[in-house]
Amino acid sequence: MSRLVVVSNRLADPRRPAAGGLAVALGDTLNRTGGLWFGWSGTVVPGGAPGEGQLHERQAGRVTLATVDLAEEDFASYYQGYSNSVLWPVFHYRLDLADFRSDYVEGYRRVNRLFARKLLPLLRDDDVIWVHDYHLIPLAAELRALGCRQRIGFFLHIPVPPPLILAALPHHEWLMRSFFAYDLVGLQSQADVAHFGRYLQDESEAERLGENRFASHGRQLQVGAFPIGIDVQEFERLGRGADAVQTYEAMRQEYSRRQLLLGIDRLDYSKGIPQRVRAFRELLERYPENEHSATLIMIASPSRDDVHAYADLRQELEGLCGAINGDFGDLDWMPLRYIHRTVARKRVPGLCRVARVGLVTPLRDGMNLVAKEYVVAQDPQDPGVLVLSRFAGAAEQLKEALLVNPYDTQGMAEAIQTALRMPLPERQQRHARLMERIRQQDVHWWRRSFLGALGVQDEVLSAPPVAPRAARSHSGTR
Ligand code: ADQ
């Protein structure tokens with residue numbers, strides 16, 4: 001039975017439920033194969049030598065966690081620089097926010113080379129390697145350059161923009177060529193697959209061998225859409241837990257005379273948070289019957305505070321939120337509560353369940369798991385309505401949501417009004433359809449489809465869920 005090796009920028013202990021669905025899903029397979037999870041340790045070494053970093057190994061059950069420290073200069077150019085100030089904005093269609101400094105790309109290559117050097121000696125001949133996300137696009141090319149011959153798959157969690165946007169990226173030929181070191185590239189949506197294919201056709205010399213099969217530089221590459229799902233059972237279990245139930249009851253009591261609207265995001269410019277606030281303002285102006293009733297709760301967790309564009313966003317948002325409360329608020333009603341914090345995962349289902357409308361309105365998003373979590377948290381007898389941006393990857397699957405264009409303030413306000421007024425039978429019908437799809441294409445389906453396409457045997461894929469230990473701390477995978 002081949003062993004699974006997962007590589008991602010950050011690791012999570014797969015035995016801890018607090019780590020969330022992705023870590024638990026990957027943990028199932030890793031545990032089954034006695035696998036290896038490799039990535040950055042999260043430690044930055046001040047004054048450390050660029051391109052160097054200490055390797056740490058520890059066991060978490062049957063899974064080996066191997067991590068590497070990063071020198072301060074590498075962290076700045078690889079992580080804050082190329083990953084989060086170049087690739088993140090460009091792949092979210094935001095060329096205006098990209099900072100194309102040449103030392104960033106050098107640091108990015110250097111760290112990918114460092115990771116390849118540290119990972120290679122840990123590999124076995126029949127390993128299957130699964131690399132995650134934009135931080136690590138050239139990793140397979142660096143591994144191949146060192147002689148690695150194992151099967152390597154790559155999954156991109158963020159969207160792929162159209163070819164001409166990709167072509168604005170200095171070094172795009174190099175970056176896109178490096179995908180050919182993989183055997184399989186998984187993307188979130190059909191739109192992403194179409195953009196990827198069109199880039200290869202228009203901007204590179206790759207030959208199309210089949211619908212989503214390409215050849216270039218002596219290698220063949222399969223590309224496919226594998227929309228990531230959530231661990232529905234885990235989330236339902238969380239929803240029955242004391243914290244979720246208590247959150248739900250407390251909020252229901254406090255807002256008994258109001259209709260709640262909810263937004264939960266990382267504070268990121270891709271999430272369309274200011275646009276959502278403008279649409280909420282438009283709702284209050286156009287439909288005054290919502291005054292003293294509609295209340296928007298927005299929880300935006302701090303994210304990448306040290307990257308310039310994020311500080312600007314925070315300021316803009318604070319201004320917008322303050323203005324709404326100042327202009328519309330009354331002694332007994334504040335229309336908007338904006339909380340710049342991460343809520344504990346175990347409370348998320350309770351918050352979602354109490355909200356009549358879930359607002360998931362990114363300008364661009366690879367998938368957006370909050371949309372799926374909102375639906376799963378609802379009471380099927382009296383479900384709330386999901387208002388979803390058509391530019392989230394999730395919109396390809398969740399067609400029974402109210403799909404909106406987040407740039408269209410008026411259209412979005414109208415959709416929110418429709419959601420607030422939607423009759424019960426229609427809410428139930430839409431919810432049942434959404435649930436069916438979310439349940440069918442959950443995170444385990446996603447993991448099995450991707451690894452199956454990469455040639456991993458059935459015995460590995462049908463791993464039973466592992467009973468997680470009690471939760472302690474949270475650490476993300478990205
Ligand atoms: P993200 O952009 O980080 O991930 P998204 O899918 O929206 O995220 O959310 C990931 C998780 O974070 C969800 O489980 C959500 O509940 C949680 N979360 C978000 N904000 C929170 C808050 N304020 N408090 C508590 N929890 C919060 C990237 C891509 C997405 C893609 C995922 C997975 O950008 O498009 O869906 O990877 O592939």
Side-chain angles (χ1 to χ4, degrees), residues 8-10 12 17-26 83-84 87-89 91-94 130 132-135 154-160 186-189 191-192 225-232 234-235 238-239 243-244 247 262-273 297-304 310 314 317 337-353 355 358-377 386 388-389 391-398 438 441-443 446-447 450 474-478:
S8 57
N9 179 57
R10 293 303 306 277
L22 176 60
V24 175
L26 292 174
S83 296
N84 287 325
L87 293 180
W88 179 273
F91 278 58
H92 286 89
Y93 300 43
R94 292 300 298 270
W130 189 1
H132 288 261
D133 231 357
Y134 58 102
H135 315 86
F154 179 83
F155 185 77
L156 187 67
H157 290 256
I158 63 175
V160 178
L187 305 170
Q188 297 271 29
S189 69
D192 297 326
F226 300 88
I228 193 169
I230 64 168
D231 188 333
V232 175
E234 178 242 6
F235 202 73
L238 219 56
D243 294 277
T247 303
L262 177 71
I264 303 186
D265 317 79
R266 261 188 319 104
L267 185 55
D268 192 289
Y269 49 77
S270 66
K271 303 290 182 185
I273 306 175
I297 300 198
M298 282 207 320
I299 303 171
S301 57
S303 180
R304 305 173 197 165
Y310 290 76
R314 194 176 159 182
L317 198 56
R337 273 176 77 179
Y338 162 59
I339 300 157
H340 185 220
R341 203 175 309 146
T342 304
V343 277
R345 184 157 179 77
K346 53 196 177 189
R347 295 179 58 190
V348 172
L351 266 175
C352 289
R353 195 177 177 97
L359 290 174
V360 179
T361 58
L363 304 179
R364 201 75 193 107
D365 217 330
M367 176 55 57
N368 198 303
L369 296 179
V370 178
K372 297 182 176 181
E373 291 170 349
Y374 176 77
V375 173
V376 171
L386 175 65
L388 176 64
S389 163
F391 304 126
E396 274 188 12
Q397 292 172 298
L398 307 184
I438 293 171
Q441 302 188 337
D442 70 351
V443 75
W446 168 76
R447 151 183 76 98
F450 183 90
H474 174 90
S475 68
T477 50
R478 307 180 51 249

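In each ligand, atom 1 is the first atom listed, and ligand 1 is the first ligand listed. FYI, side chains are in, hydrogens and waters are out, and symmetry mates aren't considered; it's all heavy atoms of this structure. Count residues from 1 along the sequence.
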(request) State, with a plain yes or no, whether a side-chain heavy atom of Phe155 is found less than 4.5 Å away from one of Gln188. (result) yes
(request) Pick whichever of Met298, His157, His132 has a heavy atom sitting closest to atom 32 (C) of ligand 1. (result) His157
(request) Evaluate the side-chain proximity of Pro159 to Phe391: yes if any heavy-atom separation is below 4.5 Å, no if none is. (result) no
(message) Looking at Ile228, is its backbone amide N or carbonyl O close enough to the side chain of Lys372 to form a donor-acceptor pair, meaning the two atoms are under 3.5 Å apart?
(response) yes
(message) Are the side chains of Asn368 and Leu388 in contact, using a 4.5 Å heavy-atom criterion?
(response) no
(request) Provide the number and element of each atom of ligand 1 under 4.0 Å from a heavy atom of Ser301. (result) 20 (N), 21 (C), 22 (C), 23 (N)
(request) Decide yes or no for Tyr374 and Leu359: does some side-chain heavy atom of the first lie under 4.5 Å from some side-chain heavy atom of the second? (result) no
(message) Taking atom CZ as the centre, does Arg347 end up with more than 12 heavy-atom neighbours from other residues, nucleotides or ligands that are less than 6.0 angstrom away?
(response) no
(message) Heavy-atom distances under 4.0 Å decide this one: backbone, side chain, both or neither, for Asp265 against ligand 1?
(response) backbone
(request) Could you say whether the N/O atoms of Met367 and ligand 1 ever approach to under 3.5 Å? (result) yes
(request) Using distance alone, determine whether Leu369 and ligand 1 share an N or O pair under 3.5 Å. (result) yes
(message) Are any of the N/O atoms on Arg266, whether in the backbone or the side chain, positioned under 3.5 angstrom from an N/O atom of ligand 1?
(response) yes
(request) Return yes if some donor-acceptor pair links the side-chain N/O of Asp268 with the main-chain N/O of Ser270 below 3.5 Å, else return no. (result) yes
(message) Regarding ligand 1, does Thr342 bring an N or O atom to under 3.5 Å of one of the ligand's N or O atoms?
(response) no
(request) Under the side-chain contact (heavy atoms from CB on, under 4.5 Å) rule, collect the residues that match up with Asp442, sequence neighbours excluded. (result) Val232, His444, Trp445
(request) Go through ligand 1 atom by atom and flag the ones less than 4.0 Å from a non-hydrogen atom of Arg345. (result) 14 (O), 16 (O)
(request) Run the numbers for me: atoms of ligand 1, each under 4.0 Å from some heavy atom of Glu373, listed by number. (result) 13 (C), 14 (O), 15 (C), 16 (O)
(request) Tell me which part of Trp88 gets within contact of ligand 1: side chain, backbone, both or neither, using heavy atoms under 4.0 Å. (result) side chain
(request) For Gln188, take its heavy atoms, then give the atoms of ligand 1 lying under 4.0 Å from any of them. (result) 31 (C), 38 (O)
(message) Closer than 3.5 angstrom, by distance alone: can the side chain of Ser389 be matched with the main-chain N or O of Pro362 as a donor-acceptor pair?
(response) yes
(request) Below 4.0 angstrom from a heavy atom of Ile299, which ligand 1 atoms are there? Numbered from 1 as shown, please. (result) 23 (N)
(message) I need the contact type for Arg341 against ligand 1. Using non-hydrogen atoms and a strict under-4.0 Å cut-off, is it side chain, backbone, both or neither?
(response) backbone
(request) Could you tell me whether Val370 and ligand 1 have an N or O pair separated by under 3.5 Å? (result) no
(message) If you define the side chain from C-beta out and look only at heavy atoms, does anything of Tyr134 sit under 4.5 Å from Phe91?
(response) no
(message) Check this for me - ligand 1, Gly366, N or O atoms closer than 3.5 angstrom, yes or no?
(response) yes
(message) Heavy atom to atom 25 (C) of ligand 1, shortest distance: which of Asn368, Val343, Ile158 holds it?
(response) Val343
